[in-house]
There are 2 protein chains.
Amino acid sequence: MKRKITLKQIAKELDVSVSTVSKALSNSKEISEDTTKKIQAFAKLYNYRPNNIALSLKNRKTKTIGILIPEIVHHFFSTVIRGIERVANRRGYNVIVGLSNESFTKEIINMEMLANGSIDGFILSISKETLLKQDYHHFHATINQGMPIVMFDRVVNEVDCDKVIVDDFNGAVKAVKKLIENDCKNIALITTMDYVSVGRLRTQGYLEALQTSGIEHNSNLILKIDDSLDVENHLELLEAEIAQFFKTNPNIDGVFAVNELYAVSSMKVARKLGLKIPDDMQVIGFTDGVLSKHATPSLTTVSQHGQKIGEQAANLLIDRLEAEEAEPEQYFTNNEQKKDFIKVVIETEIIERESTK
Amino acid sequence: MKRKITLKQIAKELDVSVSTVSKALSNSKEISEDTTKKIQAFAKLYNYRPNNIALSLKNRKTKTIGILIPEIVHHFFSTVIRGIERVANRRGYNVIVGLSNESFTKEIINMEMLANGSIDGFILSISKETLLKQDYHHFHATINQGMPIVMFDRVVNEVDCDKVIVDDFNGAVKAVKKLIENDCKNIALITTMDYVSVGRLRTQGYLEALQTSGIEHNSNLILKIDDSLDVENHLELLEAEIAQFFKTNPNIDGVFAVNELYAVSSMKVARKLGLKIPDDMQVIGFTDGVLSKHATPSLTTVSQHGQKIGEQAANLLIDRLEAEEAEPEQYFTNNEQKKDFIKVVIETEIIERESTK
DNA sequence: TGTTAACACGAAATCGTTTTCGTAGAATAT
DNA sequence: ATATTCTACGAAAACGATTTCGTGTTAACA
């Protein structure tokens, strides 16, 4: 079992200096053709590869991106990772992922673990607990240390950085308008608590669509699910809540749900209550994941294009990293003049399936 | 915008040597109480944190684990990652993930990218293309360089390393036996091509269950899906194939599918053909993902416990890394005497839902 | 008073690279 | 024959930390 070979070992073996080896391997014309050939041959034979850590230390950059997300067993987030990984890889970067598990503390711990030299920049989506607490000091701290951050999906105005979001508002508007066009008279909204920004925006979109269509909104038709209870593992609770909601509002003939789970659960409950989808009730969800595609009936949804989000985020981050490299510091002008941060909005798209007419 | 502060800067600022600062921060009793206090106060003020890269270089270990998987938008794999991340984090490690995309070449590129010092060891699941080619030189190469590998799920006998697998064979046996107990007379198997080892094992389990129950197997009842066609994005093809299969074998009253997608698609097709589930046909799938839970009817499946797999794999890897550290090298005895590698088998469990009686 | 031990700190090596600068010897120019 | 320029290479610094070893000062001891 031989450890990886180093420049020093090659140098000793070939009786030249370390510098000579290094130069020969990078085809410096400072080194004679003979020596270069000899060294390169030896290096190839022993499968020499420069040590990344040493390079990182020397260059003061690691060529790796830190991803920090609330959860990984989640179609949307894993799709985003795939997008990030794709462009990162193409542009010569690695990705290292941390999971906050929706916890404020784990988010901080993870950030600190990675911010100490392990990565060149962050791509992250804020945990629910952090959103609830509205404590963003750790983001400010890392930005102040000169480490760029790109936020996606769950972003927040209080932090100055590049952002990639989906057009939650207009996505919701489109969805609800489609229900209206499809002759729904009483459109329900099933959403989360307000502190998750995406939930709030989608709710606003719902209201906007109703208003511009001249429909007055009925607050009884809005169901806010308290996801502090672990819904994913207690479907019964969720379903019971929805069932109750449908029973007290028997006139509902259209449902806009802010995520897949709520949408699919609604369909399930509706069916149990003897309603036919899409004849008696039409349903549109948000996030185009596996569930939407494979549910029966398959679900019409607002697609978020997670992969595109990831790709954009990665490009944004790497662009900034390499810009910094080109014109170091002055990029960060004096404090008055803020850097101009970019906010990319990814358009949503309605994917029509069987749950609407 | 201030860069992160270093020992050297603290030293200069406080007019002591770098060594003194380092020692003071680690509470060495070599340093007087006064100086220690002063240095620690200063360090805290400037939020000093040692640079990970420098530490990695010095200690010749990075405290990070490389994960290399075929695909991340996949319930099973992301669950495994979650398991890995959980114990890695608890034990002070980071994880860096690479995606092979089922491609042999990308697998190699990713390995090489990470093997040059970025990580201390691998946890990986082999890509389909690699399995097909049966070319495992890159695994042998990295192992020979002294970097431990733990394989999970898609493993292979040709490579000597720790492994964590689910008991595919017995899982399949259990599933098929359950169908038999439930009075199914003609049990179909919907599986993948043989080169994916897990598919093969599950197929063998199917055969075994039939045999021990004294049922002679009918090869017409086995449908092998060629997943070289991108099934996930061409559901129609998959469904058409299954429909054809069901039509030519109208006597099928039980289906064992080697993954969720095939199982859910079978249910969908069956329903379209006017069959009631579970009355006319019972279905059991493999892998307990979102689909199984939320399908209607919900799917009885063989659960793989992905998270447990990840946790075991991480523990195995970290144990080995830290053992190496304790008794360096001799751990790798001479070539004759192989290290004793561990193969952990995670038991499967049948989760009964609505698709069986 | 001279010797030794304890204390508190600094210098330097090390991890593996890259890169700048210096220089011995050969080749060329004057 | 002397001055100059190449050629081909090596020494050393640097990245940021830890650790071993050495050393000057003071305190304790004989």
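Numbers restart at 1 for each chain; the letters A, B, ... are given by sequence-line order, proteins then strands. Remember, it's a predicted structure, so these values are computed and weren't measured experimentally.
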(message) Run the side chain to side chain contact (heavy atoms under 4.5 Å, CB included) test against L99(B) and tell me which residues pass, sequence neighbours left out.
(response) R82(A), E85(A), I69(B), I72(B), V97(B)
(request) Establish, from distance only, whether the side-chain atoms of S32(A) and T35(A) form a donor-acceptor pair under 3.5 Å. (result) yes
(message) Give me each pair satisfying salt bridge (charged side-chain N to carboxylate O under 4.0 Å, His left out) with a member in residues 38-52 of chain A, each pair once, sequence neighbours excluded.
(response) none
(request) Calculate the interatomic distance between I31(B) atom CD1 and dT19(D) atom P; express it in whole Å. (result) 13 Å
Protein-nucleotides 15-18 of chain D N/O pairs under 3.5 Å:
unit_1, atom_1, unit_2, atom_2, d
dC15(D), OP2, K8(B), NZ, 2.9
dC15(D), O3', R60(A), NE, 3.4
dC15(D), O2, K58(A), N, 3.4
dG16(D), OP1, R60(A), NE, 3.4
dG16(D), OP1, R60(A), NH2, 3.1
dG16(D), N2, A54(B), O, 3.3
dA17(D), OP1, Y48(B), OH, 2.9
dA17(D), OP1, N51(B), N, 3.0
dA17(D), OP2, L7(B), N, 2.7
dA17(D), O5', Y48(B), OH, 3.2
dT18(D), OP2, S22(B), OG, 2.9
dT18(D), O2, K58(B), NZ, 3.3

For residues 147-159 of chain B, which side-chain donor-acceptor pairs fall under 3.5 Å, sequence neighbours excluded?
unit_1, atom_1, unit_2, atom_2, d
R154(B), NH1, E102(B), OE1, 3.0
R154(B), NH1, I126(B), O, 2.8
R154(B), NH2, E102(B), OE2, 3.0

(message) Over the length of the helix from dT1(C)-dA30(D) to dT30(C)-dA1(D), how much do the five-pair end axes diverge, rounded to 10 degrees?
(response) 80°
(message) One thing to verify: whether K106(B) and E129(B) come together as a salt bridge, which I'm taking to mean a side-chain N less than 4.0 angstrom from a carboxylate O.
(response) no
(request) Please lay out, stage by stage, how I65(A) and I119(A) fare under the test side-chain contact (heavy atoms from CB on, under 4.5 Å). (result) CA-CA 5 Å; I65(A) 295 175; I119(A) 62 169; over 6 Å; no
(message) Testing the basics here: between T130(B) and S127(B), what is the closest heavy-atom pair and its distance to 0.1 Å?
(response) OG1-OG, 2.8 Å
(message) Taking any heavy-atom pair under 4.0 Å as a contact, classify S56(A): base, sugar-phosphate, or nothing.
(response) nothing
(message) Checking Q307(A) against E311(A): is there a side-chain donor and acceptor pair closer than 3.5 Å?
(response) yes
(request) Please find the earliest and latest nucleotides of DNA chain C, in the 5' to 3' direction, that have an atom within less than 4.0 Å of any heavy atom of chain B. (result) dA8(C) to dG16(C)
(message) Any side-chain to backbone donor/acceptor pair from N116(B) onto E112(B)? Under 3.5 Å, distance only.
(response) yes
(request) For the pair R320(B) and D162(B), find out whether any cationic side-chain nitrogen is under 4.0 Å from an anionic carboxylate oxygen. (result) yes
(request) Mind calculating the distance between NZ (K37(A)) and P (dA8(D)) to the nearest angstrom? (result) 13 Å
(request) Tell me what S26(A) touches on the nucleic acid: a base, only sugar-phosphate, or nothing, going by heavy atoms under 4.0 Å. (result) nothing
